[in-house]
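This report refers to the structure that appears directly beneath it.
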Protein chains: 2
Amino acid sequence: MTDPAAAPAAAPARAVALSEHFGDRLIERIRAAGHPLCIGLDPHLALIPEPFRRGSMSPRSPETVAAVETLASAFLDRVAGRAAVLKPQIAFFEVMGGPGLDLLARLIARARAEGFVVILDAKRGDMGSTAAAYAQAYLGPEAVIPVDAMTVNPYLGTEPLSPFIEAALAGGGGLFVLAKTSNPGSAEFQDRELEGRPLYEAVSEALTPSAEKLRGPLTGWSSLGLVVGANMPEQSVRIRERLPQAPFLVPGYGFQGGSARNALAGFVPGPGGRLEGGFVSSSRSLLFPEGGSGSATRWERAVDEALDHAIADLTEASERS
Amino acid sequence: MTDPAAAPAAAPARAVALSEHFGDRLIERIRAAGHPLCIGLDPHLALIPEPFRRGSMSPRSPETVAAVETLASAFLDRVAGRAAVLKPQIAFFEVMGGPGLDLLARLIARARAEGFVVILDAKRGDMGSTAAAYAQAYLGPEAVIPVDAMTVNPYLGTEPLSPFIEAALAGGGGLFVLAKTSNPGSAEFQDRELEGRPLYEAVSEALTPSAEKLRGPLTGWSSLGLVVGANMPEQSVRIRERLPQAPFLVPGYGFQGGSARNALAGFVPGPGGRLEGGFVSSSRSLLFPEGGSGSATRWERAVDEALDHAIADLTEASERS
């Protein structure tokens, strides 16, 4: 006979506290924000506007890293508190090597301190101990760049995703598996028939058991999500029918037919009737908005306007259901 | 009328000099080495042998980076001049963040100075400007970690591979596209029928025009290669029939049925009748050989023995045709 009162107060009943479940945290933060906009952070060196450029902008120059840090910090100042989710694209930091990854770590720590749920867009995909190293780098207890979730690639199968799933179970992180990407050539393999259904659908269905296992106790949404392009409304609906619990990371909003309505095609009515089921990412049009070159003040105003526009557009579309 | 003698002497007739073509350089170096062994560099932190370990081996500790540098440098000392190709796995450096990437850059520069053709195993796959950033990071003229070639993932289609192909055309680098990977779960999608043939075959066939365009003028081998597991001899033969010009990066040698004979299943007779057509990678069994713990001297001897064994095994198999 054990006395419950004698149990150590700090002993966790499960590895992840309720509030630490990624799927729950994600959806609750999006509900609190009132809209599903995700702010992309893709500091493409060639697009950095004039007032922020320094020297030749060679990716190997410390001046370039400093220029990106100034721009990204000014950007975080403007967007802080206006959305629930931030998605940095690691390639634009990796291009600057070690100093680029160090900068990414600083920016992510700052964004998380400001309350953002941070999704690292890395699209990693490998096997065994290599996959485990990627999971350890970003989702593990000793992660060098801790994030809330990361994107992964399913070409090697679902079994190699297990280190990411285990990290999510153990540490409260999440993962988004590429299903139907937004690039024009994504149909080449993803839409082709794989034994009776499109490849993207086979990938999605294969993830159902893991998505179920990772459902949040509060909202029912899973810590395993899928990447589904904003310009793929039919595919979004088909995937949603198969995975009602998986949040969608929706890239490509504002491009190639990625209207707000299309971006939300796979969303479902949530509390208050507002559509929910993931988030819609906008990158280039926020960090490099039209009319944002010439001066820092013009850039700030253009960022604010682009942000206002995207939030209003997605809010309207998510309430129109 | 122009006088040819008046043309500037340094004006290149084409972007890539003959000797700079990746496919040619790769195959010529392998022919000179006399065997197709590729030395993997996968410094898995948990496996680093006792004499090299420092402190807790936390991936965030500078001591850990120093320990990996000591081990990897000692390893390069032992393997220098004994094989044509070295393949570092970036995940094991990325897990240490910025300092890890800086270390990777130092080790790769050293390996290339020692004459290795260096293939970065990164399995990157993204679209548009993001793919371009990855190509720029490792294959471009201002690459922060310049390598000879890198591995890429085809799930997004062949169109997003164009920045890697363009970088190969412009700068003399190469790329290896995942076709049939060596992990046990690779059959899940790769072997399934995609409109009449397995997905891995559809991916391979879709790459034929690019592989043709990237053929080397000296050897006929392409700068576009494929990743085909050592334990997949039947698939290797089928891919070889479709892409006679593509070098194979063959992982999984020594594991799961990846015998030397199976690893070379997709190779073809080259000069002197010796089988050629790519390289066979061995990672863990060389860096972490059996009997290699206890002392640095024992580790050195075990590395030498493992290397001797792998070279002899692959040499015999490649001459037995």
Side-chain angles (χ1 to χ4, degrees), chain A residues 42 44-47 58-60 89 91-92 94-105 121 123-131 133-134 136-137 140 142-145 153-160 178 181-190 192-195 199 202-203 206 284, chain B residues 42 44-47 58-60 89 91-92 94-105 121 123-131 133-134 136-137 140 142-145 153-160 178 181-190 192-195 199 202-203 206 284:
Chain A
D42 293 21
H44 190 300
L45 294 184
L47 300 181
S58 160
R60 293 183 297 195
Q89 169 51 256
F92 295 111
E94 214 173 304
V95 74
M96 297 180 284
L101 279 203
D102 289 338
L103 169 58
L104 176 64
D121 200 353
K123 298 186 177 65
R124 299 299 191 249
D126 217 301
M127 65 188 78
S129 61
T130 308
Y134 283 131
Q136 185 185 11
E142 289 199 288
V144 69
I145 305 184
N153 185 308
Y155 187 74
L156 276 67
T158 53
E159 171 268 320
L178 302 183
T181 58
S182 61
N183 57 304
S186 77
E188 185 178 5
F189 304 125
Q190 293 168 21
R192 299 265 287 279
E193 290 291 317
L194 188 90
E195 298 179 8
L199 172 58
V203 167
R284 201 175 286 192
Chain B
D42 294 21
H44 191 300
L45 294 184
L47 299 181
S58 159
R60 293 183 297 195
Q89 168 51 256
F92 295 111
E94 213 173 304
V95 74
M96 297 180 285
L101 279 203
D102 289 338
L103 169 58
L104 176 63
D121 200 354
K123 298 186 177 67
R124 298 300 190 247
D126 217 301
M127 64 188 78
S129 61
T130 309
Y134 283 131
Q136 184 184 12
E142 288 198 288
V144 69
I145 306 184
N153 184 307
Y155 187 75
L156 275 68
T158 54
E159 171 269 319
L178 302 184
T181 57
S182 61
N183 57 304
S186 77
E188 186 178 5
F189 304 125
Q190 294 167 21
R192 300 265 287 279
E193 290 291 316
L194 189 90
E195 299 179 7
L199 172 58
V203 167
R284 202 175 287 192

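Reckoned from all heavy atoms, side chains included, excluding hydrogens, waters and symmetry mates. Keep in mind that what you see is a predicted model, and the values were worked out from it rather than measured. Order of the sequence lines sets the chain letters (A, B, ...), proteins ahead of strands, with each chain counted from 1.
With E195(A) contributing its side chain and E193(B) its backbone, the two residues share a donor-acceptor pair below 3.5 Å. In this structure a side-chain-to-backbone donor-acceptor pair under 3.5 Å is missing from E142(B) to S58(A). Side-chain N or O atoms of E188(A) include none that pairs as donor or acceptor with a backbone N or O of L156(B) at under 3.5 Å.
Contact of the S182(B) side chain with the M127(A) side chain is registered, since non-hydrogen atoms from C-beta on lie closer than 4.5 Å. Side-chain contact check for F92(B) versus S129(A): some heavy-atom pair is nearer than 4.5 Å. Taking the side chain as every heavy atom from C-beta outward, K123(A) and T130(B) never approach each other to under 4.5 Å. Counting only heavy atoms from C-beta outward, the side chains of Y134(B) and V95(A) never approach each other to under 4.5 Å.
Between D102(B) and P99(A), the shortest heavy-atom distance links the atoms OD1-CD, 3.6 Å. Y155(B) approaches L199(A) most closely through the heavy-atom pair CE1-CD2, 3.9 Å. In terms of heavy atoms, P154(B) sits closest to F189(A) at O-CD1, 3.4 Å. In terms of heavy-atom proximity, D126(B) sits nearest to Q89(A) at OD2-NE2, 3.4 Å. Between A133(B) and A91(A), the shortest heavy-atom distance links the atoms CB-O, 3.9 Å.
With a 4.5 angstrom heavy-atom cutoff, A143(A) touches chain B only via backbone atoms. Both the backbone and the side chain of N183(B) come within contact range of chain A, with heavy atoms under 4.5 Å apart. Neither the backbone nor the side chain of I145(A) comes within contact range of chain B; no heavy atoms are under 4.5 Å apart.
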